[in-house]
Engineer: 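Can you read through this structure? Questions will come right after.
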Amino acid sequence: MKIDGKPHRTIWQDGDGAVRIIDQTQLPHRFETVVLADLGDAAHAIAAMLVRGAPLIGATAAYGMALAMRDDPSDAALKAAHDTLLATRPTAVNLRWALDDMTARLSVLAPPARTDAAFARAAAVCDEDVAINGAIGDHGLGLLRAIHERKGGTLNILTHCNAGWLATVDIGTATAPIYRAHDAGIPVHVWVDETRPRNQGAALTAWELGRHGVPHTVIVDNAGGHLMQRGRVDLCFVGTDRTTASGDVCNKIGTYLKALAAHDNGVPFYVCLPSPTIDWSLSDGAAIPIEERSGEEVSHIAGLTEAGEVMRVLLPPQGSPVANPAFDVTPARLVTGLITERGIAPATAEGLAAMFPEFARAA
Ligand code: MRU
C-alpha cells in the first residue's frame, strides 16, 4: 500500500532498528504509528488489537520474540516469550505458526547468536507474507478476469471484516485479487460488511480501499443476503484465521452467515488462504478455539463527533447482558474454493493435501 505516495507496510524496522506498527485502534480517524520496545509491548499490541488479522499477528509475534531475545537470549527467556505471546489471542493459528518457527530456529543457536538471527527471521517472515499475498492476488486475479470476460461490466465483490493490507504485512489476502484487478483496469466494486462489533470493515477495509481508489460501499452486516438475492453480488472473498486440513474455515464472526446466504443464492464464496493459516493438526472446524472478547465491544461503539472528537457511547440498556464470540466456522461444503499462494484448491482434505503435499505428509 502507499500512504501519501510512499510504499508502506503495517510493521517495519526504522533506520535505527526500532520496530514500528500502525496503531489500528486509531483508524480510520487518526493515522498513528507506535514503537514496540519490548516483549510486553508486542504482546499488548496483539491482545489489545493495535495490530490484528492473522498474518500480521504472526509477524508481530515474530518481532516480539526478537525483542525478547535482545533483552535476554537465554533458553528460559525464549520459552517465556513463546508462552507470553501465545496467550495473547487464541484463534488465529499464524500466531502459533510464527512462534513455533522462531523457537525451532533459535533454540538450536547459542544464546549470543539469537538476537540477530531472530530479527533476521522476523524480517523474513514479513517478506514471506508479502510474497504469499502477492501470489494469492495473482491467482485471484485470474479468477476475476475470467468472470469479467464472461459477464462484462463491474464485478461486485462482497467482503467481511478486514482481510486487507492492514491484516497482513502488505497487500492483504482477500483484498489482494481486488487490488490486482483494480490496478489491471478491471472494474470492481466492493460491498464492505461493517463487521460488528469492532467494525473492521467500516473502519479498516473502507479506509484502505479508499486510499487505493477502489470503489466500495459500506453496508450493515445484515444487508449481504438481500444484495445476493437481488443479484448484486458476483462473488465473495473473505480471509481466514485458521483453516483445518479438511477445509473448514474459521474467520470473523458473521462469515458463516454470508457463506450460507451465498450458497442459497448460487454466489461463489472464496476464502483467501495463506499456507501459514492452515492448521494441519485439525480436521474438524468444531475443534478450533473461538475467542470470547469483552462484552464492552458489543455494548459500546465509538465514532467521530461533528466536533471532530472520537467518542464512545453505550448502545443497549445499561446492564443488559452481552456476549461476544469473535469468530465462527464455515463448513468446507459452503466454500467454493481456497485461494492459496500455490493456486485455487477445493475446500477438501484431498484438495489441500494435493496443493501442499509436504505439509500434509508431515502432519
Ligand atoms: O479479530 P481480527 O480483526 O484479528 O480478525 C481478523 C479476521 O477475521 C480476518 O478476516 C482474518 O484474520 C484474515 S486476515 C488476512
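Every number for a ligand or one of its atoms is a count from 1 in the order of the listing.
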Engineer: Distances for all N or O pairs of ligand 1 and the protein under 3.5 Å?
Structural biologist:
residue  : atom   : partner : partner atom : Å
ligand 1 : 1 (O)  : Arg89   : NH2          : 2.8
ligand 1 : 1 (O)  : Lys252  : NZ           : 2.7
ligand 1 : 3 (O)  : Arg52   : NE           : 2.9
ligand 1 : 3 (O)  : Arg52   : NH2          : 3.2
ligand 1 : 3 (O)  : Gln200  : NE2          : 2.9
ligand 1 : 4 (O)  : Gly53   : N            : 2.9
ligand 1 : 4 (O)  : Arg89   : NH1          : 2.9
ligand 1 : 8 (O)  : Asp241  : OD1          : 2.8
ligand 1 : 8 (O)  : Asn251  : OD1          : 3.2
ligand 1 : 8 (O)  : Lys252  : N            : 3.4
ligand 1 : 10 (O) : Asn251  : OD1          : 2.6
ligand 1 : 12 (O) : Ala54   : N            : 2.9
ligand 1 : 12 (O) : Asp241  : OD1          : 3.2
ligand 1 : 12 (O) : Asp241  : OD2          : 2.9

Engineer: Arg52: what forms a salt bridge (Lys or Arg N to Asp or Glu O under 4.0 Å) with it, not counting sequence neighbours?
Structural biologist: none

Engineer: Does a salt bridge link Arg105 with Asp101, judged by any charged N lying under 4.0 Å from a carboxylate O?
Structural biologist: yes

Engineer: Listed by chain and number, what are the side chain to side chain donor-acceptor pair (under 3.5 Å) partners of His212, not counting sequence neighbours?
Structural biologist: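 Here the qualifying residues are Asp183.
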
Engineer: Tell me every residue that passes salt bridge (Lys or Arg N to Asp or Glu O under 4.0 Å) with Glu194, counting only those two or more places apart in sequence or in another chain.
Structural biologist: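 So Glu194 forms no salt bridge (Lys or Arg N to Asp or Glu O under 4.0 Å) with any residue.
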
Engineer: Quick test of your reading of the model: are Arg333 and Asp248 salt-bridged, counting only N-O distances below 4.0 Å?
Structural biologist: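 Result for this pair is no, no salt bridge flagged.
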
Engineer: Working to the nearest 0.5 angstrom, can you tell me the gap between Leu78 CG and Leu109 CG?
Structural biologist: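 One gets 9.5 Å once the value is rounded to the nearest 0.5 Å.
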
